[in-house]
Q: 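The structure follows.
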Amino acid sequence: MSVRVRFAPSPTGYLHIGAARSALFNWLYARKTGGKFLLRIEDTDLQRSTEESTRSIIEGLEWLGLDYDEDLVFQSANAPAHRAAANRLLEGGKAYRDFTPKEQRAELSVKEDIAERARANTDQRSNPYRDLPKEESDRRAAAGEPFAVRLKVSPEGQTKFDDIVYGPQERSHSEIEDLVLLRSDGHPLYNLSVVIDDIAMGITHVIRGQDHLTNTHKQILLYEALGATVPRFAHLPLILAPNKGKLSKRKHGEVVSLTTYRDRGFVPAAFRNFLALLGWAPPEGKEVLSKEELVEYFSLEGIGRANAIFNFQENDPRRWTDDKALWMNAEYIRTMPLDELLPMVKTELRANKLWREEYDDDDSEWFRKTVDLIRQRYFTLKDFSQQGRAYFSDDFDFDEAAVNKNLRKEPRLRELLSGLADKMESVEPFNIETAEAALRAFADETGVKAGLLINGARTMLTGQAVGPSMFEIFERIGRDASVQRLRSGIPW
RNA sequence: GUCCCGUUCGUCUAGCGGCCUAGGACACCGCCCUUUCACGGCGGCGACACGGGUUCGAUUCCCGUACGGGACGCCA
């Protein structure tokens, strides 16, 4: 039977990077096995679900390059099927009506409620309606008395399954409550919906976060009660914050949201690559992997069991996200095929009003060479419009530290650079070699070290103390603009 | 509280009884390259949580302890 997996997020906010990784692993497994990767939006919590969130999930998957097969499924559309299944279980005596009135239920917060139950240490099979005779149950229901539907879990025995990642799992029935399938208002609950939909969609492998490991036992009970084939399960270790706590938007902000990476200049392939390495290791140790290589090497067996810490420094702008993610992005930016990078740079420049249509035709060669030159030391696509601004516009800022270090420190420089400008003005043709020759000749004539002029000129031309070889910069900026910038008094 | 899961360098991880004086990647440090900064090259720092077993031999298997995480809802 061919593999069918799914990614089933609830649309209650941005796409979390942990969820994104689940999606990636499901996708990789489907592509690896020639199976199908399906997308199901679990929007049954009407209060919290939003259309905007659904959109951002779909966009996020698209950004990561995770295409899904078949039609998108909205879980809310299947509510009638979920209710029907619950009623079937009721008819078959596998579930029962719980008439416990709403008022009797604890009005506590979730945590308090759990603590309360823990203290009470009640028998999971103690519900007074569990063994209500069918006639009475039917009569009270017919009379309009509200009821929830609970699964009747056998007091004896245990559920078992062999998790592909975590190995054999066993849980005694005595640890499992008679879970509610249908709320008293008829609304189907999560565990029921998931199982019914997974059956309907023909899911063969459920790959999801480890936080569902214990839910799995309840779901298996449902598969069995329904007489359905139980799929294989593979639970993924969790991604934790630096303090080993749960990674959450409320506590950690935008660093956990996938869209942040898009907005802050990540190359999708780089982030996908980084995500794949969180909890999974390629067999031969090669870590920079294309989409095709990822698919080729991926296996569920290669997934580790320990939770991974996503390392970032909240108050350090340079380390706003994991070091390795940033490194991976830089690696992609400097080594990916130039033709794939160019459109991304174009988008970035456009967004910052630095794009000129000529870069697409008359100046396309200039644009290619310039991007190829400066990409070598950039970390994100943002750098093209920020640190790289001087390559695309005459209107750029000067870095104070660079000005102090390379210009103000030597009072004669103002005069010297103006002289260098005069010298450059007559250089023809103007390229790396001729610019270098001219600068060195000028250094000899004036008796100063070439380095003084080189560093000074770099700052005059780019506003920065660091960057590519000065002579490459001259060629990129061009003679006229170079001369003009050398004469400019702006930074002084 | 109960149940479940986990624990190798700061971080991501390799390791599935001898190949381990524990390998790689990121980060950090040093040197080389470079009249800047990166890249690259070379080198360094740096880990098997602890205690018992089993075994000729444990990072690897078993038990316990500690620590961490998860689940326990008429949320998903």
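None of the values given here were measured: they were computed from a predicted structure. The sequence lines fix the lettering, A, B, ..., with proteins before strands; numbering per chain opens at 1. Only heavy atoms go into these numbers, but all of them, side chains included; no hydrogens, no water, no symmetry mates.
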Q: Give me the ring orientation class for A:F396 and A:F398: parallel if the planes are under 30° apart, tilted from 30 to 60°, perpendicular past 60°.
A: tilted
Q: Go through the N and O atoms of the side chain of A:R440 and the base of B:U35, and report whether any donor-acceptor pair is under 3.5 Å.
A: yes
Q: Look at all strands and tell whether A:N215 reaches a base, only sugar-phosphate, or nothing, counting heavy atoms closer than 4.0 Å.
A: base
Q: Name the closest nucleotide to the A:V466 side chain, picking from B:U36, B:C28, B:G24.
A: B:U36
Q: A:K246 near the nucleic acid: base, sugar-phosphate alone, or nothing, with a heavy-atom cut-off under 4.0 Å?
A: sugar-phosphate
Q: So does A:L238 get a backbone contact from the side chain of A:N307, meaning a donor-acceptor N/O pair under 3.5 Å?
A: yes
Q: Between B:C37 and A:K405, is there an OP1 or OP2 to side-chain N/O distance shorter than 4.0 Å?
A: no
Q: For B:U8 versus B:C33, give the span between their C1' atoms, rounded off to a whole number of Å.
A: 35 Å
Q: Using the P atom in both, what is the distance from B:U55 to B:U11, to the nearest Å?
A: 36 Å
Q: For B:C28, what is the paired nucleotide under Watson-Crick or G-U wobble rules, both distances under 3.5 Å?
A: B:G44
Q: Round to the nearest Å and state the distance from A:L181 atom CG to B:C75 atom C1'.
A: 15 Å
Q: What N/O pairs connect the protein and nucleotides 38-45 of chain B at under 3.5 Å? Give each pair on its own line.
A:
none

Q: Only pairs with both distances under 3.5 Å count, Watson-Crick or wobble alike; so what is the partner of B:C20 in this structure?
A: none
Q: May I have the distance from A:Q47 (atom CD) to B:C74 (atom C1'), rounded to whole angstrom?
A: 13 Å
Q: Whole-Å distance between B:A14 P and A:L278 CG?
A: 12 Å
Q: If pairing requires Watson-Crick or G-U wobble contacts with both distances under 3.5 Å, which nucleotide is the partner of B:U59?
A: none
Q: Determine which nucleotide pairs with B:U36, using a 3.5 Å limit on both distances of a Watson-Crick or G-U wobble pair.
A: none
Q: Ion pair present between A:E145 and A:R97, side-chain N to carboxylate O less than 4.0 angstrom?
A: no
Q: Under 3.5 Å for both donor-acceptor distances, Watson-Crick or wobble: does B:A14 have a partner, and if so which one?
A: none
Q: State which of B:C4, B:A76, B:A14 makes the closest approach to the side chain of A:L213.
A: B:C4
Q: Among the candidates B:C3, B:A76, B:G24, find the nucleotide nearest to the side-chain atoms of A:T44.
A: B:A76
Q: In whole Å, measure the gap between the P atoms of B:A25 and B:G18 for me.
A: 24 Å
Q: For the pair made of NZ in A:K160 and P in B:C4, what is the distance, rounded to whole Å?
A: 14 Å
Q: Going by side-chain hydrogen bond (donor to acceptor under 3.5 Å, both in side chains), name the residues that satisfy it together with A:E331, two or more places apart in sequence or in a different chain.
A: A:R334
Q: Ignoring the backbone of A:A450, work out which of B:A76, B:A71, B:U35 is nearest its side chain.
A: B:U35
Q: Any side-chain donor-acceptor pair under 3.5 Å between A:Y96 and A:D131?
A: no
Q: Please give the distance between the P atoms of B:C28 and B:C61 as a whole number of Å.
A: 35 Å
Q: Within this structure, what is the CD-CD1 distance for the pair A:Q158 and A:I176, rounded to the nearest 0.5 Å?
A: 9.5 Å
Q: Please determine if A:D372 and A:K369 form a salt bridge, counting it only when a charged side-chain N lies under 4.0 Å from a carboxylate O.
A: no
Q: Considering just the side-chain nitrogens and oxygens of A:R183, establish if one lies under 4.0 Å of OP1 or OP2 belonging to B:C75.
A: yes
Q: For a quick check of understanding: with a heavy-atom distance under 4.0 Å over all strands, which category does A:E175 fall into, base, sugar-phosphate or nothing?
A: sugar-phosphate
Q: Starting from the 5' end of RNA chain B, give me the residue, A:P168 or A:G304, whose nearest nucleotide shows up first.
A: A:P168
Q: Who pairs with A:S172 by side-chain hydrogen bond (donor to acceptor under 3.5 Å, both in side chains), at least two apart in sequence or on another chain?
A: A:S174
Q: How does each nucleotide of nucleotides 6-11 of chain B score, in 5' to 3' order, for protein heavy atoms under 4.0 Å: base (B), sugar-phosphate only (S), or none (-)?
A: SS---S
Q: Once you round it to whole Å, what is the distance between P of B:C28 and CD of A:Q313?
A: 11 Å
Q: Which residues satisfy the ring-ring contact (aromatic ring centres under 6.0 Å, His included) test with A:Y332, sequence neighbours excluded?
A: none
Q: Just how far, in rounded Å, is C1' of B:C3 from NE2 of A:H235?
A: 15 Å
Q: What is the separation between atom NE2 on A:H187 and atom P on B:C74, rounded to the nearest whole Å?
A: 13 Å
Q: Pick one: which of A:W280, A:F7, A:F298 meets ring-ring contact (aromatic ring centres under 6.0 Å, His included) with A:F25?
A: A:F298
Q: With rounding to the closest Å, how many angstrom separate the P atoms on B:G44 and B:G17?
A: 30 Å
Q: Tell which nucleotide pairs with B:C75, taking only Watson-Crick or G-U wobble pairs whose two distances are both under 3.5 angstrom.
A: none
Q: Could you check whether A:R412 pairs with A:E410 (Lys NZ or Arg NE/NH1/NH2 to Asp/Glu carboxylate O, under 4.0 Å)?
A: yes
Q: For nucleotides B:C5 and B:G24, find the distance between their C1' atoms and express it as a whole number of Å.
A: 27 Å
Q: Using Watson-Crick or G-U wobble geometry with both distances under 3.5 Å, which nucleotide pairs with B:G68?
A: B:C5
Q: Using the C1' atom in both, what is the distance from B:C26 to B:C39, to the nearest Å?
A: 16 Å
Q: Would you kindly compare A:P468 and A:R319 by the position of their nearest RNA chain B nucleotide and give the one closer to the 5′ end?
A: A:R319
Q: Restricting to non-hydrogen atoms, name the atom on A:G265 and the atom on A:N329 that form the minimum distance, rounded to 0.1 Å.
A: O-ND2, 3.1 Å
Q: May I have all residue pairs that pass salt bridge (charged side-chain N to carboxylate O under 4.0 Å, His left out) and include part of residues 303-322 of chain A, sequence neighbours excluded?
A: A:R319-A:D323
Q: Please state whether the phosphate of B:C74, meaning OP1 or OP2, lies under 4.0 angstrom from any side-chain nitrogen or oxygen of A:R150.
A: yes
Q: Measure the distance from CD on A:E177 to C1' on B:G73 and round it to the nearest whole Å.
A: 8 Å
Q: Hey, does the side-chain of A:T214 have a donor or acceptor N/O within less than 3.5 Å of a partner on the base of B:C4?
A: no
Q: Quote, to the nearest angstrom, the C1' distance that separates B:U2 from B:C48.
A: 32 Å
Q: Of the listed nucleotides (B:U36, B:C74, B:A76), which one gets closest to any side-chain atom of A:A148?
A: B:C74
